[in-house]
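Written below as structure tokens is the structure these notes are about.
Note that this is a predicted model, so its numbers are computed, not measured. Sequence lines set the chain letters: A, B, ... in the order given, protein chains first and strands last, and positions in each chain run from 1.
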2 protein chains.
Amino acid sequence: MALTQLTVVDTAVGILQQFGLADLSMRRLAKELDVQVGALYWHVKNKQELLAQVAAQLLNTPALSVAAADYESPAEAILQLARKLYLALLPIQDSPEVIEVATAMQATELQPVLQLRALLEAAGLAAENARHGQQLILNHVLGSVAYRQNLVQLDVDAPLADGFDWGLQRAVSGLIG
Amino acid sequence: MALTQLTVVDTAVGILQQFGLADLSMRRLAKELDVQVGALYWHVKNKQELLAQVAAQLLNTPALSVAAADYESPAEAILQLARKLYLALLPIQDSPEVIEVATAMQATELQPVLQLRALLEAAGLAAENARHGQQLILNHVLGSVAYRQNLVQLDVDAPLADGFDWGLQRAVSGLIG
DNA sequence: ACCTGAACACCGTTCAAGT
DNA sequence: ACCTGAACACCGTTCAAGT
């Protein structure tokens, strides 16, 4: 099987899902693909760019979008989108870190993040404020996922209600009161 | 000069402030202290615990507290505390990551975080909701700092108004409307 | 064009042995 | 009690050389 950008990224996603970011090294990735480490650098510039593509692969899926028409208000659509994101990222070890790398490079456009902004504008926020509101909500989603994953990792039995949803509701109501 | 826990942590804080987390390795730390790497492990259990103590040193300072009596409402005090935190963490490279390690281990109690919760209770939130509100605000502070620091690192000239304060105000008003 | 082999400059952690 | 020396099992990235 020929080594392509796609197979590299796909395999990286697999390692991330099964073992977490600590195990997603270039060397481990090469081993999984039966190839020398150096070969990877022909298909991907460096690890940072690889992680950005991994994030894109995780987030740019139709499963992580909402049809605005399905909800009676933009606020409802925003809540649902944020919840979808939260639930999708929770089972993927260290996903917040990976997504932060991607948004930091802002090289790849992450679809759910764009939709979040669009919905905030649809709710009546000016373009600039929609960007800031997107930040607030994304910070809360990623922060809550990271917090929850750390609890799991340390075998603290977390309360099922981790407060994500309560905080989300308060944030959205503050944004488009 | 004798090697103590305090000198180890202090030196670690110094490296973090001057060069960032990437340069804060046990080996670099040992070199700075003119000592072999192994010696560090007599004074600190491992790197994770070291980072937790670094976080505590950064946050447990009187400069990062507010006197509730100075503000006419708990909401005002909360805003000021969050702003102080944001401004204090901004110049310290990778500070959000360090603090996430500390809160993840929840071994060390971080004073400003506790005060944030107390102020939310003073504002009328039930104990459980105060914890969730604390999460929302802390997520926003750390997320915004991380976002801003990434912009600096990539030489993108950031807009002075990064939306932190606007988002913070909306969040607080959503929490204690 | 794509990959190997091998190197460079690093990591965190452990532990016998010294003082 | 505290530290050295040295090892173990890793990292990301580069690059001449092969095919």
Just compare dT13(C), dT14(D), dC11(D) and give me whichever is closest to any side-chain atom of Tyr41(A). dT14(D)
Among dT4(D), dC3(C), dT13(D), find the nucleotide with the atom closest to the side chain of Leu3(A). dC3(C)
Take the protein atom CZ of Phe19(A) and the nucleotide atom C1' of dC11(D), then report the distance between them rounded to whole Å. 18 Å
Tyr86(A) six-ring face occupied by Arg148(A) cation (under 6.0 Å, within 45°): no
Does a nitrogen or oxygen in the side chain of His43(A) sit under 4.0 Å from OP1 or OP2 of dA1(C)? no
Of the listed nucleotides dC3(D), dG5(C), dG12(D), the one nearest the side chain of Val35(B): dC3(D)
Rounding to a whole Å, what distance do you find between Lys31(A):NZ and dC3(C):P? 19 Å
Check the distance between dC15(D)'s C1' and Leu40(A)'s CG and give it to me in whole angstrom. 15 Å
Can you tell me the distance, in whole Å, between the CZ atom of Arg27(A) and the C1' atom of dA7(C)? 10 Å
Whole-Å distance between dC11(C) P and Leu24(B) CG? 10 Å
How many whole angstroms separate atom CG of Asp23(A) from atom C1' of dC11(D)? 13 Å
Is the shortest heavy-atom distance from the side chain of Gln57(B) to the side chain of Val54(B) under 4.5 Å? no
With a 4.5 Å cut-off on side-chain heavy-atom distances among I, L, V, M, F, W and Y, is there a chain of contacts connecting Leu87(B) to Ile137(B)? yes
Which residue lies more 5' along DNA chain C, comparing Ala39(B) with Ala39(A) via nearest heavy atoms: Ala39(A)
How does DNA chain C look in dot-bracket form if you count Watson-Crick and G-U pairs under 3.5 Å, write [ ] for pairs that cross, and put | where a base pairs with another strand? ||.|||||...|||||.||
Donor on one side chain, acceptor on other, Gln93(B) and Gln18(B), under 3.5 Å: no
Quote, to the nearest angstrom, the P distance that separates dC10(D) from dA9(C). 22 Å
By nearest atom, which of the nucleotides dG5(C), dT13(D), dT4(D) is closest to the Gln36(A) side chain? dG5(C)
Among dC3(C), dT13(D), dG12(C), which nucleotide sits nearest the side chain of Met26(B)? dG12(C)
In whole angstrom, what separates Trp42(A)'s CH2 from dG18(D)'s P? 17 Å
Are the side chains of Glu100(B) and Tyr147(A) in touch, meaning some heavy atoms are under 4.5 Å apart? no
Can you measure Asn46(A) atom CG to dC11(D) atom P for me and round it to whole angstrom units? 17 Å
For the pair Trp166(B) and His132(A), name the ring-plane relationship: parallel under 30°, tilted 30 to 60°, perpendicular over 60°. tilted
Nearest heavy-atom neighbours spanning Gln111(A) and Leu64(A): OE1-O, 3.6 Å
